Amino acid sequence: MEGWRLVCSWNGHEGRSKRKGDYDESLADWPRKQEDSLSAAGLSSLGQWLQQDMADSAQAQKLVYLVTGGCGFLGEHVVRMLLQREPRLRELRIFDLQLGPWLEELKTGPVQVTAIQGDVTQAHEVIAAVAGAHVVIHAAGLVDVFGRASPETIHEVNVQGTKNVIEACVQTGTQFLVYTSSMEVVGPNVKGHPFYRGNEDTPYEAVHRHPYPHSKALAEQLVLKANGRKVRGGLPLVTCALRPTGIYGEGHQIMRDIYYQGLRLGGRLFRAIPASVEHGRVYVGNVAWMHVLVARELEQRAALMGGQVYFCYDESPYKSYEDFNMEFLGPCGLRLVGTHPLLPYWLLMLLAALNALLQWLLRPLLLYAPLLNPYTLAVANTTFTVSTNKAQRHFGYEPLFSWEDSRTRTIRWVQAMDGSAQ
Ligand SMILES: NC(=O)C1=CN([C@@H]2O[C@H](COP(=O)(O)OP(=O)(O)OC[C@H]3O[C@@H](n4cnc5c(N)ncnc54)[C@H](O)[C@@H]3O)[C@@H](O)[C@H]2O)C=CC1
Ligand SMILES: C[C@H](CCCC(C)(C)O)[C@H]1CC[C@H]2[C@@H]3[C@H](O)CC4=CC(=O)CC[C@]4(C)[C@H]3CC[C@]12C
């Protein structure tokens, strides 16, 4: 078993009050909560406060979390957010097919970080990683809408991988499971029906033909059905699913690809989607924050939150996919040409179909996987936006990052990209 467990493990418990002010804005700011309880308890002297603080810290640092897919785009943000915002953490396990070099920098922190190179499709590897964890955040997944992987592989990772995680929780006695689902489990559907400012209860005909949304929908159902199952020791499993819309922010590979595409085209991008088609987007830091909050609140609010789904949302504006990207790419020197799509929709469809044909023909020789294919065109061309406050009502979620912050952080990240590395 030790063969796949890598070395990145350390200890060093420091006073938790050092964390204060890590972020400027927080709604569930734990030191502030501590101060509130401090005054409530009527403790007067600094000495008493420090004693109490140390006792709380020693007692509080007891939880073991596991994040699958912890080295991916979202996973890395979840990992960093947990380390900054979950004071009760004793050990954080990061499970991924490929471990990132940035894990090294976590060595300086007070929490024991255990990096585990593993595959969610391998049940024994998942069981070993889950054993002893209090909470599992299952964010690992094969995110492929470009035809890079086969439908079988997508199913294996997203569905069988999720089954393995659920069974591992049941077998080892882990009681809390947070699943990273997707807006794609709802839609856009194959009929191109708009979902306009919908919420978790909005009726919508969810019909999936593409392997990715199909696999995410199956996996989400498995997770929700598992809620209430008895885990080892007899306690009930508590599960819930978070459904991000299109995530953006630091580390977003598609944004990177589009930026370089624009540079190659002389600083221009050509409008392909009507500006009136709204596409839901959410900042990665806020999605990560939602994961941290859900994981934290699941125990206390099991009856309310168990078996529930929550869209991930924040203050990001409703815009078309392309106009939204220009919020970041514009300040980095790119220009979106055209107020209307430059090509008629039927021609885009034809090009998308041609790309799909080329992909199929070239498959024995090389992998041809452009951004434009019939599926991505349909998704980009269908209004899908959410408007809900369910997360706020159920577990007090408020976005940690304002739209201004999210935008600034993303722009800074794009600006830091190497413009010559196209
Ligand atoms: N990127 C987006 O806009 C959205 C993503 N999601 C979901 O969020 C989750 C994370 O997505 P991203 O961070 O964008 O993708 P990503 O590809 O950056 O991260 C996924 C991580 O899972 C790991 N992984 C893949 N197969 C694995 C396996 N067999 N065993 C262990 N680890 C494996 C990858 O190595 C990667 O680090 C996924 O479940 C995805 O379906 C949901 C909605 C929107
Ligand atoms: C790549 C698409 C944009 C291409 C523009 C075109 C057709 C002119 O070339 C992206 C448009 C919408 C994106 C998807 C959407 O944000 C929802 C998603 C949710 C997920 O869970 C995974 C990612 C994705 C499917 C996302 C993928 C890229 C787009 C299709």
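Both ligands and their constituent atoms are indexed starting at 1 by order of listing. All values derive from a computational prediction rather than experimental measurement. The basis for the numbers below is simple: all heavy atoms, side chains too, and nothing from hydrogens, waters or symmetry mates.
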May I ask you to list the atoms of ligand 2 that are less than 4.0 angstrom from any heavy atom of [X]?
X      : value
Gly246 : 16 (O)
Val379 : 12 (C)
Val143 : 22 (C)
His279 : 12 (C), 15 (C), 16 (O)
Met183 : 17 (C)
Ala272 : 8 (C)

key: Cation over ring face, Lys319 and Phe324, 6.0 Å, 45°   =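 Not flagged: Lys319 not positioned over aromatic ring of Phe324.
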query = Looking only at heavy atoms of Tyr212, does any of them come nearer than 4.0 Å to an atom of ligand 2?
reply =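 Right, Tyr212 reaches ligand 2.
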Please check if the distance between the ring centroids of [X] and [Y] is under 6.0 Å.
X      : Y      : result
His252 : Phe73  : yes
Phe384 : His279 : no
Tyr259 : Phe328 : no

request  = Specify whether the nearest protein heavy atom to atom 30 (C) of ligand 2 is under 4.0 angstrom away.
outcome  =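 Protein heavy atom within 4.0 Å of atom 30 (C) of ligand 2: present.
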ask   = Distance below 4.0 Å between atom 11 (C) of ligand 2 and any protein heavy atom?
value =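 Yes, there is a protein heavy atom closer to it than 4.0 Å.
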inquiry  = For Arg243, is there an ion pair with Glu220 - N to carboxylate O distance below 4.0 angstrom?
reply    =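 Looking at Arg243 together with Glu220, the answer is yes, because their closest N to O distance falls below 4.0 Å.
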message = Any salt bridge linking Glu200 with Lys390? Criterion: basic side-chain nitrogen under 4.0 Å from a carboxylate oxygen.
response =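 Here Glu200 does not pair with Lys390 in a salt bridge, since their nearest N and O are not under 4.0 Å apart.
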Closest approach of any protein heavy atom to [atom], naming residue and atom:
atom                    : value
atom 13 (C) of ligand 2 : Tyr321 CE1, 3.9 Å
atom 7 (C) of ligand 2  : Leu372 CD1, 3.5 Å
atom 2 (C) of ligand 2  : Thr376 CB, 4.0 Å

ask   = Taking the side chain as C-beta and beyond, is there a heavy-atom pair between Ile137 and Thr68 under 4.5 Å?
value =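 SC-SC contact between Ile137 and Thr68 ruled out.
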inquiry  = Under 3.5 Å between any N/O of Glu322 and any N/O of ligand 2: does that happen in this structure?
reply    =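 N/O-N/O distance under 3.5 Å: no.
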key: Heteroatom proximity flag, Glu184 to ligand 2, N/O under 3.5 Å   =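 N/O-N/O distance below 3.5 Å does not exist for this pair.
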query = Under 30°, 30 to 60°, or over 60°: which ring-plane class applies to His394 and Tyr310, parallel, tilted or perpendicular?
reply =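 Aromatic pair His394/Tyr310 classed perpendicular.
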inquiry  = Below 30° counts as parallel, above 60° as perpendicular, anything between as tilted: where do the rings of Tyr283 and Tyr248 land?
reply    =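 Taking Tyr248 first and then Tyr283, their aromatic rings sit tilted (interplane angle of 30° to 60°).
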request  = At a heavy-atom distance under 4.0 Å, which protein residues reach ligand 1? Sort them by chain and number, would you?
outcome  =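 Residues Gly69, Cys71, Gly72, Phe73, Leu74, Asp96, Leu97, Gly118, Asp119, Val120, Ala139, Ala140, Gly141, Val143, Val157, Thr180, Ser181, Ser182, Tyr212, Lys216, Pro244, Thr245, Gly246, Ile247 each place a heavy atom under 4.0 Å from ligand 1, listed by chain and number.
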ask   = What do we get for Ile254 next to ligand 2 when only non-hydrogen atoms under 4.0 Å count, side chain, backbone, both or neither?
value =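 For Ile254, only side-chain atoms sit under 4.0 Å from ligand 2.
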Side chain, backbone, both or neither: the part of Arg281 lying under 4.0 Å from ligand 2 by heavy atom =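 Under 4.0 Å from ligand 2, Arg281 contributes no heavy atoms.
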message = Tell me if a side-chain donor or acceptor on Asp144 pairs with a main-chain N or O of Ala149 at a distance below 3.5 Å.
response =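 Here the side-chain-to-backbone pair exists.
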ask   = Donor-acceptor pair, Glu125 side chain versus Asp119 backbone, under 3.5 Å?
value =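 Yes, because the side chain of Glu125 sits within donor-acceptor range (under 3.5 Å) of the backbone of Asp119.
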query = Just checking, any donor-acceptor pair under 3.5 angstrom between side chains of Arg281 and Asn325?
reply =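 Distance-only check passes for Arg281 and Asn325.
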message = Any donor-acceptor pair under 3.5 Å linking the side-chain atoms of Gln415 with those of Arg412?
response =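 There is no such pair between these side chains.
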